[in-house]
Each structure stands twice: as structure tokens, then as C-alpha cells.
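Worksheet for the structure shown next.
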Amino acid sequence: MEDEFEFNELEGLIPDNENLKNSGNLNFDKFINSLRNNSLGIEYDTLEELINLFLDEEQFDKALQLADFVLERYPYSPEIYHLKAIALDGLERNEEALEYFDKAILYNPTDPDIFINKGITLDSLSRFKEAIECFEYAKKLDEENIDAVFNMGFTYERMKDYQKAVQCFQKVLKSGEGISDCHYELGYCHDALENYQESVNHYKNYLEINPDNFVAWFNLGTVYTKQGKVLKSIECYEMSLLLKNDFTSAWYNCGNSYAELGRLDKAIFCYKTYLEHKNNDPLALHNLGNTYYEKGDFDNAIKFLDKAISIDHDKWDSFYVRGNAYYGKNDFTKALEDFKSAVILCPDFSELWYSKADAERILGKFGDAKSSYERAITLNPIDDKSYVDLCDMLIGLKDFLYAERIANDFIKAMPECAEVYYEKAKYYMVVDDFKKAESMINIAFSLSPEDRFEYDINKDWPKLVRFLVSKTS
């Protein structure tokens, strides 16, 4: 029961009185009443020890009640003010806690622990500057106080001033105290500072001491992911899951890593396991749909992307991948609808405009396709696919003047690219200007010598056309 405490944990601090017991536990209400009746004869120091014991067991309400009783008898006790403040902080009554820290400081202004605990409470209220001032003052009172330095590091970490946090944790580490915790925090801070190898080293040191910390294994995995060490990241995520099988973040990240390796079935398993716990996560649904798309399973891709879009209507990449899945099913009308939605949500991504143009071209919407290709080229002036497909479409429409202009723009944008000249040669072949076509092919051969072969422009033009199409498709 909530008002009971195991009697044998009280270590002889309370007289072995059967009236205070309930099935071997301390009946706290009876205990407080006995104190008020002064029937137990417990001294001040013992009461202080009892408050500390309740605080250690995180029974903050009992610690608070006992502290209040002691303060009735000893109303100017800085030690009890301090303990009452800690109890209030544990009950998340932070502002009240600060009042009692200040009362403790008023009567005992030289105890660094009071300033440290006040700083911790200020940190929890995001009053970081004041928290740092408390830790600095605690250091001034006791230059060797490592707790002050560690907590200062933690506050700097919360302020995202990771460099100062690192300096604090390194100082604590050199003292030989708090080695395990320091390695963990240094791993976190170096990750935030993008010092990834330093982060790896500290997390590994931490895990040598605490191999069962599933969060640390997960964090190490995320750092390996940032380093591009995908296999190592998977090892860490799987170790994290071995320790805590329902750790959803590890399932999600493991899915991402398997997807990056192209191990699509394993990625799908990880995403589905994650979604058993968080079935309405649009990002995970998107990734699962995208993995099915990469696998060529367009129906399942559409199924999960439908759900992602129903939850997050503004996720342009879900529209884009679903459009590609419809494209893979030759449903170009639905593909175009999704590409249109995608460009509305993300109008500055050239690849979306290219896909939209491609679907419009296939559906015979040539005017729209022309505008979309032009938009793609404007956004990405070295978008070779848009140049090539627009030029080919214009040639097919016999708009040779505009096709030549696009081919010339292509050359200006990418003068060192052989494909540019193959495209222009293809144009000249179509308009029967074999001499200019030959000139373009020779320039391309000079840029890409491995393509060179002997030919007669007049006799081998069917072979040349097939070659040019292969080089520009």
C-alpha cells in the first residue's frame, strides 16, 4: 500500500513497535501520529536520516510529511529546509522547492550541495543561466566539488552549448569520478558536435562498463549511421533490441539501415514490427511503402503510401513515390495526379517536374509536358534527362527549331558531357544533316574515347541512330 514502507529497510532507525507495523511494513500515518504524540523518543539526527532514506527510495510525499513535522519542532533547520526542497522537487513542485532552497541558503550559505540541488531544480525549469550561477557558486565554495562541474556540464548540454559541456565532462573524467556517466554524456555531446569518432569512442567506453544499456547501444548505432558504417549500425540496433525487444526507435532505425543496404525483406520486417507499436506514424508508413516500391511490389507500395498520405496530407515525397508506383503499373493518369500534388507541396525540386513532364508526355499532354520540362531545367540547369526527353519530344512533334534551341542550351549547360553532343547529333540525323551529325559525334568521341568506333555516316546511319538512342536514353 502507498502509505506503507518495509519496516526492515529502516535499519533500526525506528523502535521495533508492533503498533507501527502492518504485515511487516511501516504504517506511515501511525508513525507520524506517534511522532506528534512524542511517544517514540526519536532524536533530530535520526529523523534527518529517515527523511534521507525516504528520498533515496523516491518516496517524496513521505519525506515531505516528515520534513514538515521536523520543521514544526525545529523551525530554523537549514538541513531540513534543504531536504524539504528536494522532496518538493521530486514531487515536481519546483517553484515551492526553490523557496525552501533559498531558506536553507539563508541559514547555511556555505553548503555547496544546497546550491547544486537548487541548480538542478532551476535546470528542470529551463532557467539555465541561473542554474549555471548556482553551480559556479558551489565550485567557489568547494573547488574540488565534482558534482557541481558534472551538473554544470549537463545544463550546458541542455542549452546546446556542447563545447562547454564537453569541457565540464572532461574535467570530471580526469578526476576519476563519474567515469561511466561522463563517457555517456561525452558520447552524446561529441555526436551533436559531429565529432563522430570521438562519440563512438566514448559510447564504447561506456558500454564496456554498462553493456546492458539498450539506449547507449542505440545511440552508438545512430553515430555509426552518420559515419556511413551501416553494418555496424545494424549490429548496435540489434543489440539494443536484444536487450529491449519493444524499443520501437531501434526497429525503425534498423529498418532504415537494412533498406540502405538493399536488404529489403529485412527492412520491411523491421518497419512492420515498428508499426505494430506505432501504426499511425506517416514517416514509417512512407518508408515501408517506399521499400515495397524499391522491391517492385507496387500494390503494397500504394497500400502503405495511401495510409501515410491519409495521415499526413503534406508529405510530398509520399505522393511522389506513390506516383512512381502507379507509373510502374502503367496507370499514368493516377501517376500524374500524384506528381501534380507533389509539385504543389514541393515546387522547387526539379525531379518532381521531370516526373510530371514524363507522365504528361506519355498521356499526350505535350503543351503541359513542355512547360514541366522547362521548369525542371530552370531548377536544375544540368538536368540531362529533361533536356534529352524534351528535345526528343519536340523532334517527334517536328518542332525542329525549338528542338535545336534546346539542344544548343544543353551544350551550353554541359559542354564537357559527351551525351550532350550525342543528343545534338541525333537531332541532325533526324533532319538529314549528316555532316553536322558527324561533327557532333566526333566531339562526343573526343570526350568519351571508349565509345569510339569506325563508321560511315552515309552507310551506317541506322546503326548510328540506334547507338545515339542508346547513349541518350
Side-chain angles (χ1 to χ4, degrees), residues 323-324 326-328 330-340 342-343 347 350-448 451-453 455-473:
N324 284 324
Y326 280 125
Y327 190 102
N330 295 325
D331 191 339
F332 303 113
T333 300
K334 286 187 176 178
L336 179 56
E337 289 174 6
D338 276 345
F339 294 144
K340 284 180 176 179
V343 297
S350 65
E351 188 68 27
L352 300 182
W353 288 99
Y354 170 79
S355 297
K356 178 174 177 286
D358 194 32
E360 288 165 339
R361 176 182 57 80
I362 292 171
L363 291 169
K365 300 176 182 291
F366 300 119
D368 291 340
K370 172 177 166 292
S371 298
S372 295
Y373 282 130
E374 289 173 340
R375 178 63 175 158
I377 290 167
T378 299
L379 291 168
N380 182 11
I382 56 172
D383 180 4
D384 57 331
K385 294 184 299 181
S386 292
Y387 279 115
V388 169
D389 287 1
L390 175 55
C391 193
D392 287 350
M393 185 184 77
L394 293 168
I395 290 170
L397 294 171
K398 301 188 184 305
D399 190 345
F400 298 121
L401 287 176
Y402 191 34
E404 183 176 18
R405 199 198 92 189
I406 293 298
N408 288 336
D409 289 345
F410 195 10
I411 290 172
K412 289 177 184 176
M414 304 174 69
E416 303 300 321
C417 176
E419 185 181 4
V420 174
Y421 299 94
Y422 288 135
E423 182 64 26
K424 188 70 179 287
K426 189 166 63 177
Y427 161 76
Y428 283 131
M429 293 289 285
V430 170
V431 298
D432 294 329
D433 193 336
F434 288 178
K435 185 175 181 180
K436 288 183 178 178
E438 184 174 21
S439 174
M440 293 295 107
I441 291 170
N442 288 336
I443 293 173
F445 281 170
S446 70
L447 293 169
S448 184
D451 292 344
R452 187 181 297 277
F453 63 90
Y455 67 92
D456 183 320
I457 191 71
N458 294 303
K459 294 179 181 179
D460 297 329
W461 65 267
K463 176 182 176 182
L464 281 170
V465 169
R466 288 194 298 274
F467 169 74
L468 294 171
V469 169
S470 72
K471 301 302 291 186
T472 57
S473 59

Exercise for review: Take Arg375 and Val343 through the test side chain to side chain contact (heavy atoms under 4.5 Å, CB included) and record every step on the way to the result.
Suggested key: CA-CA 11 Å; Arg375 178 63 175 158; Val343 297; over 6 Å; no
**Study point:** Test item: Ser439 side-chain N/O and Lys435 main-chain N/O as donor-acceptor pair under 3.5 Å
**Key:** no
Point to revise | CD-CG distance between Glu404 and Leu394, expressed to the nearest 0.5 angstrom | key: 12.0 Å
Exercise for review: Compute the ring centroids of Tyr421 and Phe445, then answer whether they are less than 6.0 Å apart.
Suggested key: no
Check your understanding: Who pairs with Phe366 by ring pair (Phe, Tyr, Trp, His ring centres under 6.0 Å), at least two apart in sequence or on another chain?
Key -> none
Check your understanding: Is Asp338 salt-bridged to Lys334, cutoff N-O under 4.0 Å?
Key -> no
Review point. Would you say the side chain of Lys424 lies within less than 4.5 Å of the side chain of Lys436, judging by non-hydrogen atoms?
Key: no
Point to revise | Value rounded to 0.5 Å, distance of OH in Tyr373 from CG in Asp389 | key: 4.0 Å
Check your understanding: Considering all heavy atoms of both residues, which atom of Leu447 and which atom of Glu416 are nearest to each other, and what is their separation?
Key -> CD2-OE1, 3.7 Å
Review point. Counting only heavy atoms not in Leu397, do more than 12 sit closer than 6.0 Å to its CG atom?
Key: yes
Point to revise | Heavy-atom pair of closest approach, residues Ala413 and Pro381 | key: CB-O, 3.2 Å
Practice item. Spell out, as yes or no, whether a donor-acceptor pair under 3.5 Å connects the side chain of Ser448 to the backbone of Ala444. Key: no
Exercise for review: Enter the distance from Phe410:CZ to Cys417:SG here, rounded to the nearest 0.5 Å.
Suggested key: 5.5 Å
Point to revise | Separation between CD1 of Ile441 and CZ of Phe434, rounded to the nearest 0.5 Å | key: 10.0 Å
Point to revise | Basic-acidic side-chain contact under 4.0 Å: Lys370, Glu360 | key: no
Check your understanding: Roughly how far apart are Met440 CE and Lys426 NZ, rounded to 0.5 Å?
Key -> 15.0 Å
Review point. Hey, mind stepping through Asn442 and Ser446 against side chain to side chain contact (heavy atoms under 4.5 Å, CB included) and telling me if it holds?
Key: CA-CA 6 Å; Asn442 288 336; Ser446 70; over 6 Å; no
Check your understanding: Out of Asn324, Leu352, Asp358, which residue meets the side-chain contact (heavy atoms from CB on, under 4.5 Å) rule with Phe339?
Key -> Asn324
Check your understanding: So Tyr327 and Ile362, side chain to side chain contact (heavy atoms under 4.5 Å, CB included) or not? Walk me through it.
Key -> CA-CA 10 Å; Tyr327 190 102; Ile362 292 171; 3.2 Å; yes
Check your understanding: Does Tyr422 reach the main-chain N or O of Val469 with its side chain, forming a donor-acceptor pair under 3.5 Å?
Key -> no
Check your understanding: When the ring centroid of Phe467 is compared with that of Phe453, is the distance short of 6.0 Å?
Key -> yes
Point to revise | Chi angles and distances behind the side chain to side chain contact (heavy atoms under 4.5 Å, CB included) call for Val430, Phe400 | key: CA-CA 9 Å; Val430 170; Phe400 298 121; 3.8 Å; yes
Practice item. Might you point out which heavy atoms bring Ile395 and Ala403 nearest each other, and give the distance in Å? Key: CG1-CB, 3.9 Å
**Study point:** Over all atoms of both residues, closest heavy-atom pair of Asn380 and Ser350
**Key:** CB-OG, 3.4 Å
Practice item. May I ask you to check whether Phe332 and Tyr326 place their ring centers less than 6.0 Å from one another? Key: no
**Study point:** Note, Leu390 side chain near Arg361 side chain (heavy atom, < 4.5 Å)
**Key:** no
**Study point:** Ile411 side, atom CD1; Ile443 side, atom CD1 - distance, nearest 0.5 Å
**Key:** 7.0 Å
